[in-house]
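None of these values were measured; they are calculated from a predicted model. Below, chains carry the letters A, B, ... as their sequence lines are ordered, and counting in each starts from 1.
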There are 2 protein chains.
Amino acid sequence: MSVGIRHDDLRRRNRAMVISAVRRAGQPSRTEIAATTGLSHSTISAISADLIQEGILTESKASEPTALKRGRPQIGLALNPEAAAVLTVVLSLNFLSVAVIDYAGQVIAEEQQRLDTLVMPRDELIGECLAIVRRRLQDPDLDVGSVARIAMGIQGITDSHARAMLWSPITPVTDIPFADILEREFEIPATMENDCNMMAVALRWRDPERYRDNFIAILLSHGIGMGLVLKGELFTGTHSSGGEFGHMIHRPGGALCRCGRRGCVEAYAGNYAIWRSAMGISEDAAPIDIGDADMRALAAKAREKDGPEREAYRRAGEALGFGLGSLFALIDPAPVAMVGVSAAAFDLIEPALREAIAQTAGGQHSNSISFDTEPNELPLIREGCAMRALTFVDQEIFAPGMQARAGKDVA
Amino acid sequence: MSVGIRHDDLRRRNRAMVISAVRRAGQPSRTEIAATTGLSHSTISAISADLIQEGILTESKASEPTALKRGRPQIGLALNPEAAAVLTVVLSLNFLSVAVIDYAGQVIAEEQQRLDTLVMPRDELIGECLAIVRRRLQDPDLDVGSVARIAMGIQGITDSHARAMLWSPITPVTDIPFADILEREFEIPATMENDCNMMAVALRWRDPERYRDNFIAILLSHGIGMGLVLKGELFTGTHSSGGEFGHMIHRPGGALCRCGRRGCVEAYAGNYAIWRSAMGISEDAAPIDIGDADMRALAAKAREKDGPEREAYRRAGEALGFGLGSLFALIDPAPVAMVGVSAAAFDLIEPALREAIAQTAGGQHSNSISFDTEPNELPLIREGCAMRALTFVDQEIFAPGMQARAGKDVA
DNA sequence: ACTATTTTTTTGAGGCTCGAAAAAAAGCCT
DNA sequence: AGGCTTTTTTTCGAGCCTCAAAAAAATAGT
């Protein structure tokens with residue numbers, strides 16, 4: 001159960017601290033690193049000398065913009081872009097994209113592709129994913145040997161060890177152990193990440209001020225997903241990627257959800273649910289996929305005049321509000337980011353959402369709960385996958401010969 | 001944010017490991033400790049020599065029952081009961097109890113008292129608590145100087161730092177910083193713990209097989225409370241003690257809850273809610289406290305014949321089931337312990353609960369979810385407080401002069 | 001040119017854990 | 001009884017790691 005700390009773990013961990021401090025801060029000096037890590041200057045000096053010698057960090061003397069101060073000028077440390085590279089794969093509805101990112105976080109190659117995920121058989125779906133990755137890895141412009149990690153992101157449920165896709169709305173196929181498949185094919189360590197978790201990871205990197213230790217990313221799209229960060233750590237369920245906010249029960253025995261059950265939050269707030277409600281289709285009708293353009297048109301109509309469209313968004317807001325209220329009852333209120341096509345219609349959703357949340361125990365200070373919106377989820381997922389893969393590399397390069405311990409660290 | 005590991009932290013942490021290994025295992029030999037902690041024999045030998053020399057551990061050669069084996073016999077290590085003592089205070093409805101526990105976990109003194117918590121003014125309530133603690137501390141039979149920690153448990157909401165009671169159903173008084181008050185009065189470090197969290201801590205010690213890394217303790221009493229352990233750690237909200245399972249929304253706009261809102265799980269499953277429903281009282285009626293005897297009588301009547309009483313328990317089960325389903329959607333299913341007077345009526349609750357949970361996403365494998373019942377919550381709360389205080393002491397004695405870091409470790 | 005200031009590196013000391021070997025404490029066997 | 005085997009515990013030297021203090025480096029101000 002509880003494991004003691006070995007003497008050699010100490011250096012490994014402190015190396016990790018230094019690398020992650022550099023990744024977070026951009027171009028910190030040794031002195032800055034010493035301040036943020038709490039380690040002594042001598043330790044930081046020794047470790048960074050090692051890391052520079054190993055080609056993981058570089059001294060970037062180009063730190064011109066620093067204010068002219070007395071004393072010996074600080075030397076900024078930066079990640080060496082050539083130290084490694086990672087590859088991200090994002091599989092979403094009818095769309096597959098990969099990117100190669102250098103160790104400093106810059107995209108150095110990209111490829112995207114349309115495909116009919118909903119009707120593709122299992123082997124073909126896996127084959128397309130492998131093929132696009134192989135094309136990128138075999139690109140002559142790229143030093144193949146340097147790709148140290150693959151992170152794949154997908155909408156749906158993954159297992160809590162980030163190894164396999166268990167279920168996804170974008171395909172009828174279930175239980176694909178993508179991480180194992182990728183590792184076997186390319187002999188590169190890989191993980192299979194949940195899309196909403198990656199959104200949360202990306203938000204944390206984009207705006208660490210706002211999204212620090214506790215926050216929630218909610219995907220408002222065909223389905224409703226959630227990525228949750230608690231105490232600075234990505235929260236996953238005990239078995240699965242967890243956080244199935246969209247399938248909390250809003251009204252027992254209520255509207256039919258895509259998951260086959262009744263009364264889930266998603267059955268009121270997913271795109272299909274809003275559409276169904278706006279069009280006067282029965283709540284018992286089977287969910288259908290609505291295109292983004294249709295949803296935008298629906299939102300426009302709802303803004304134009306009061307009517308069933310506006311009412312549909314109101315009901316979505318109510319479901320989300322009561323759901324958030326229940327969630328906040330469990331974890332206390334936290335900042336929320338609304339992501340996805342329906343986040344662009346958040347103006348239509350927010351009033352009813354706030355009204356509902358105010359009726360719950362978790363919403364006691366509902367006015368202080370702040371929402372942010374981001375209509376486009378794909379870039380976030382890609383960024384999240386990239387950062388996750390890079391932070392994994394951070395923990396492998398500095399740890400030569402460590403015993404594999406479940407990498408549950410923050411990304 | 002992220003702090004490096006100092007060189008001296010190393011020994012401190014490994015001392016902690018050894019102490020907690022002994023506390024968990026009872027009388028482990030040095031070899032056993034080395035195995036569970038992963039540290040080398042020499043390290044364990046050095047640390048335990050220190051701890052014995054400091055009077056924290058003792059060698060217990062009385063380990064007769066060990067099977068006769070070849071080789072040098074193992075020497076069991078045990079906690080020295082006289083190394084320290086802790087004091088627990090449990091304040092519940094109309095009832096106040098304290099206990100003094102030695103370092104090995106044995107109760108060495110107790111006192112209990114009835115008092116009208118519902119009508120006592122603030123000062124009197126605090127005064128009674130201080131008085132009973134003072135009596136125990138001044139007991140001539142007790143070595144006062146050795147009480148190293150006080151843990152107080154109370155039903156209701158506490159802050160996430162375990163310093164203050166924010167709100168409790170047992171008194172109209174709010175926001176009592178009990179931890180500070182006790183510390184100022186007795187100059188002994190103190191914490192203010194939530195009752196359900198302590199139930200969870202106690203269950204973990206009572207049955208580590210079943211309640212290990214992920215489980216849920218639910219209090220079925222006047223109100224509905226929850227203690228949640230995730231990944232081996234007690235889960236609290238970000239601001240408050242959190243886990244307000246009873247105030248998740250079951251039916252938006254539904255029955256009146258004690259918290260003043262509508263539709264909470266508690267408004268269907270709390271004692272008053274079951275009573276209200278069984279007696280045909282309106283769902284809008286103000287909640288009233290029902291005695292345990294009345295509840296037992298109600299359960300007996302419900303078992304006797306089908307009628308409004310049985311229906312009331314059915315509805316409670318439904319509310320709990322949908323609530324658990326929503327909870328499981330977020331954290332994945334885990335073992336559940338039902339505690340409190342209504343846990344004795346769990347036979348009446350379980351069928352509807354299972355039926356409801358099966359209709360939720362979190363209840364996919366509802367048959368595999370297991371429930372355990374324990375009708376009496378007070379002993380659990382006391383045990384939990386004791387173990388929490390003792391593990392705090394474990395981390396103070398071994399850490400002479402450590403920088404205070406939020407003790408968020410498991411108890 | 002010289003001093004003040006700040007950052008970085010070097011150096012020596014002290015601690016910690018580890019592995020190997022030794023010591024200790026039994027039971028087993030002849 | 002005495003030697004042998006087995007297992008646990010202790011001892012000891014080696015190798016690291018971090019820290020504090022001193023030295024070195026680099027620049028601004030005078």
Exercise. Find the distance B:Gln53:CD to D:dT10:C1' and express it as a whole number of Å.
Key: 16 Å
Practice problem: Taking the side chain as every heavy atom from C-beta outward, state whether A:Met17 and A:Thr37 have any pair of such atoms under 4.5 Å apart. | Solution: yes
Quiz item: Hey, would you say the B:His7 and A:His7 ring centroids sit under 6.0 Å apart?
Solution: yes
Practice problem: Using whole Å, report how far NE2 of A:His41 lies from P of C:dT6. | Solution: 13 Å
Exercise. Using a strict 4.0 Å threshold on nitrogen-to-oxygen distance, state whether B:Glu54 and B:Arg15 make a salt bridge.
Key: yes
Atom pairs under 3.5 Å: protein N/O with N/O of nucleotides 23-25 of chain C:
unit_1, atom_1, unit_2, atom_2, d
C:dA25, N3, B:Arg72, N, 3.3

Practice problem: Round to a whole Å and report the spacing from CD of A:Glu59 to C1' of C:dT7. | Solution: 12 Å
Quiz prompt | Side-chain ion pair, A:Arg12 and A:Asp9, N-O less than 4.0 Å | solution = yes
Quiz item: Atom CZ of B:Arg30 to atom P of C:dT17: distance rounded to whole Å?
Solution: 16 Å
Quiz item: For B:Arg70 and C:dG27, what is the distance between atoms CZ and C1' respectively, to the nearest whole Å?
Solution: 6 Å
Self-check item: Residues B:Arg163 and B:Glu183 bridged, charged N to O under 4.0 Å
Solution: yes
Quiz item: Does a side chain donor of either A:Thr43 or A:Ser40 reach within less than 3.5 Å of an acceptor in the other side chain?
Solution: yes
Quiz item: Does C:dT9 have OP1 or OP2 sitting under 4.0 Å from an N or O in the side chain of A:Ser45?
Solution: yes
Quiz item: Side-chain N or O of B:Ser42 less than 4.0 angstrom from OP1 or OP2 on D:dT11?
Solution: no
Self-check item: Pair A:Glu59-A:Arg30, salt bridge (Lys or Arg N to Asp or Glu O under 4.0 Å): steps then yes or no
Solution: CA-CA 10 Å; A:Glu59 289 191 339; A:Arg30 292 169 174 80; 2.7 Å; yes
Practice problem: For B:Asp8, enumerate each residue passing the side-chain hydrogen bond (donor to acceptor under 3.5 Å, both in side chains) test, keeping only those at least two apart in sequence or located in another chain. | Solution: none
Quiz prompt | Whole angstrom value for the distance that separates P of C:dC16 from CG of B:Asp50 | solution = 9 Å
Set out, line by line, the N/O atom pairs under 3.5 Å between protein and nucleotides 14-18 of chain D.
unit_1, atom_1, unit_2, atom_2, d
D:dG15, N2, A:His7, ND1, 3.4
D:dC17, OP2, A:Arg11, NH1, 3.3
D:dT18, OP1, A:Asn14, ND2, 2.6

Quiz item: How long is the line joining CD1 of B:Ile52 and P of D:dT9, in whole Å?
Solution: 10 Å
Quiz item: Any cation-pi pair here, B:Arg204 with B:Tyr211, using under 6.0 Å and within 45°?
Solution: no
